[in-house]
Amino acid sequence: QEQLVESGGGLVQAGGSLRLSCAASGRTRSNYLMGWFRQAPGKERGFLVAISDNGGITSYLDSVKGRFTISGDNAKNTVYLQMNSLKPEDTAVYYCASGPNESKIYFARAGLSVSYDAWGQGTQVTVSS
């Protein structure tokens with residue numbers, strides 16, 4: 001069973017940067033999606049961006065476009081989320097998730113939580129004003 005472990009969260013001042021990591025272990029599939037989601041207090045979990053095993057990247061959530069960058073290292077089974085110019089409204093628990101990527105349909109549905117079958121425990125990001 002695939003397991004995901006996020007790291008890199010913390011407390012940062014507005015305008016600062018953080019890089020989140022998500023390390024996968026126990027993966028048995030060769031075609032996969034890795035997505036980043038976040039959940040702020042009192043809000044539903046929302047999709048940020050995803051990357052596929054072959055490097056395809058989905059659109060970013062509009063509010064993080066130009067500030068956040070996803071990347072992956074297949075050799076390390078790790079996906080990253082570089083977050084720059086952080087704002088207080090970015091405060092949330094950030095989750096990575098893994099799901100199958102058997103066809104273009106899977107990639108097209110990468111923004112949906114149901115497209116993923118493995119989730120990390122989440123890492124807290126707090127941005128102070």
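Here the closest non-hydrogen pair linking D117 and G99 is OD1-CA, 4.0 Å. For S17 against S85, the heavy-atom pair with the smallest separation is OG-N, 4.3 Å. Here the shortest heavy-atom pairing between D53 and N74 reads O-ND2, 3.0 Å. A pairwise comparison of heavy atoms in Y106 and P100 identifies CD2-O, 3.4 Å as the closest pair.
The side-chain contact (heavy atoms from CB on, under 4.5 Å) check on A92 picks up R38, A40, Y94, with sequence neighbours excluded.
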Show, in sequence, the C-alpha distance, side-chain angles and deciding distance for Q124 and T91, and conclude whether the side chain to side chain contact (heavy atoms under 4.5 Å, CB included) test is met.
CA-CA 8 Å; Q124 176 70 47; T91 295; 4.0 Å; yes
Using the rule given for side chain to side chain contact (heavy atoms under 4.5 Å, CB included), can you reason through T69 versus N84, listing the C-alpha separation, both sets of side-chain angles and the distance that settles it, and then say yes or no?
CA-CA 9 Å; T69 303; N84 298 328; 5.6 Å; no
Go through it in stages, so that I can follow the logic: the residues are E89 and S63, the test is side chain to side chain contact (heavy atoms under 4.5 Å, CB included), and I'd like the CA-CA distance, side-chain angles, deciding distance and then a yes or no.
CA-CA 10 Å; E89 50 264 42; S63 61; over 6 Å; no
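The distance between the ring centers of W119 and F37 falls below 6.0 angstrom.
In this structure, CG in L4 is found 7.0 Å from CZ in R27, a value given to the nearest 0.5 Å. If you take OG on S128 and CD on Q13, they are separated by 5.0 Å, rounding to the nearest 0.5 Å.
In this structure the side chain of M83 reaches within 4.5 angstrom of the side chain of L20, judged on heavy atoms. Side-chain contact check for F107 versus N31: every heavy-atom pair is 4.5 Å or farther apart.
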